[in-house]
Amino acid sequence: MVAGRFTLSYLFMSGAIGQGYATVSTDAGVSTDPSGYAEWVYLSPGNMNVYAMQNFGSVAINDQAIIAKSVIESFYGRPPKYSYWSGCSEGGRQALMLAQRYPTACEINAITEAVIASCDEEDGIADGLIVDPDACEFDPFSMVGKTFNCSDTGVEIQISHPAAMVANVTWSGPISANGKQIWYGMEKGTLLAGSDGYAAGIASIECSSNGNCTGQTGNSGAGWLQSTVLKDPSFNLTDLTLEGYSWLMHLSEVE
Ligand SMILES: *[C@@H]1O[C@H](CO)[C@@H](O)[C@H](O)[C@H]1NC(C)=O
Ligand SMILES: *[C@@H]1O[C@H](CO)[C@@H](O)[C@H](O)[C@H]1NC(C)=O
Ligand SMILES: *[C@@H]1O[C@H](CO)[C@@H](O)[C@H](O)[C@H]1NC(C)=O
Ligand SMILES: *[C@@H]1O[C@H](CO)[C@@H](O)[C@H](O)[C@H]1NC(C)=O
């Protein structure tokens with residue numbers, strides 16, 4: 001098993017280069033020997049190298065795309081208009097990981113536009129507002145796989161399953177580890193990903209011009225948990241589990 005940078009990747013890359021494309025491949029920082037799996041997958045016998053596994057699994061693949069787009073932009077003076085994925089075998093799994101792990105603000109905005117288009121006129125007036133969001137029956141998962149034109153970049157992209165998940169959980173509101181509703185959700189039609197110049201949506205995703213998109217923690221929610229519930233403003237919430245979050249929200253309510 002290899003991430004890339006071996007005979008077949010170079011073969012595919014040379015074909016694309018011949019047609020004028022800029023191409024990139026990565027070894028994900030691990031062995032390029034297809035039978036060299038055992039060399040890097042353990043830190044010591046029986047002890048998995050989780051970071052190397054994560055790099056191999058998805059992180060390096062996304063980093064590779066970001067770095068390549070950034071190099072292309074600095075060399076040609078503009079970002080690539082279209083980006084394509086090519087790979088076989090392991091490459092199929094990698095492509096699925098990329099699509100599943102890195103939804104973009106564009107997708108979230110497209111779902112928001114679709115729910116407004118679907119429920120706007122339920123009150124008889126087309127004004128871009130959903131007057132009764134609870135009566136709006138729109139399934140974000142019906143959007144998965146649909147292609148649309150991202151107005152931010154002018155590039156066509158498809159709505160991924162994780163993007164629909166983000167919309168669904170944000171509309172539902174947080175549910176605790178034992179299935180209890182912790183807090184209210186956002187009304188359908190809310191700008192989940194934030195808006196231009198004020199990207200403070202509840203499901204904010206910040207994308208730089210090189211296509212690096214990362215989820216942003218909502219400041220008020222995180223600050224509340226850190227400063228008032230944990231009483232430690234520097235507490236690192238990155239690895240908070242659903243159980244941990246449920247417990248903090250419970251403490252918040254009790255206090
Ligand atoms: C992407 O953005 C995140 C957050 O700003 C940053 O930590 C990370 O280093 C960036 N990755 C790349 C490959 O530029
Ligand atoms: C997408 O939108 C951009 C800008 O709004 C436009 O220039 C481009 O032609 C559109 N592309 C498609 C495929 O509709
Ligand atoms: C979407 O949210 C609803 C309400 O919380 C939930 O019942 C449903 O299971 C969610 N769908 C998926 C596919 O997660
Ligand atoms: C928070 O934790 C994450 C994951 O453990 C780590 O990558 C990050 O550097 C930490 N942030 C700070 C500010 O310490």
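First listed ligand is number 1; within each ligand, the first listed atom is number 1. Side chains are part of it too, since the values below use all heavy atoms of this structure and drop only hydrogens, waters and symmetry mates.
At a 4.0 Å heavy-atom cut-off, ligand 3 does not touch W171 at all.
Of the protein's heavy atoms, at least one falls inside 4.0 Å of atom 14 (O) of ligand 4. Atom 2 (O) of ligand 3 lies below 4.0 Å from at least one non-hydrogen atom of the protein.
With hydrogens and angles disregarded, a donor-acceptor distance shorter than 3.5 Å links the side chain of Q226 to the backbone of F235.
Listed by atom number, the atoms of ligand 4 under 4.0 Å from D239 heavy atoms are 4 (C), 5 (O).
Nearest non-hydrogen protein atom to atom 10 (C) of ligand 3 is N168 ND2, 2.4 Å. Atom 8 (C) of ligand 4 has as its closest protein heavy atom N236 ND2, 3.8 Å. Atom 4 (C) of ligand 3 has as its closest protein heavy atom S172 OG, 3.3 Å.
Ring orientation note: the planes of W40 and F56 are tilted relative to one another, at an angle of 30° to 60°. H161 and F141 have tilted rings, their planes meeting at an angle from 30° to 60° on a 0 to 90° scale.
Pairing each heavy atom of A28 with each of A3, the nearest pair is CB-CB, 3.7 Å.
Under 4.0 Å is where a charged nitrogen must lie from a carboxylate oxygen, and between E255 and K231 at least one such pair does.
Counting heavy atoms of neighbouring residues, nucleotides and ligands inside a 6.0 Å radius, atom CH2 of W183 does not exceed 12 of them.
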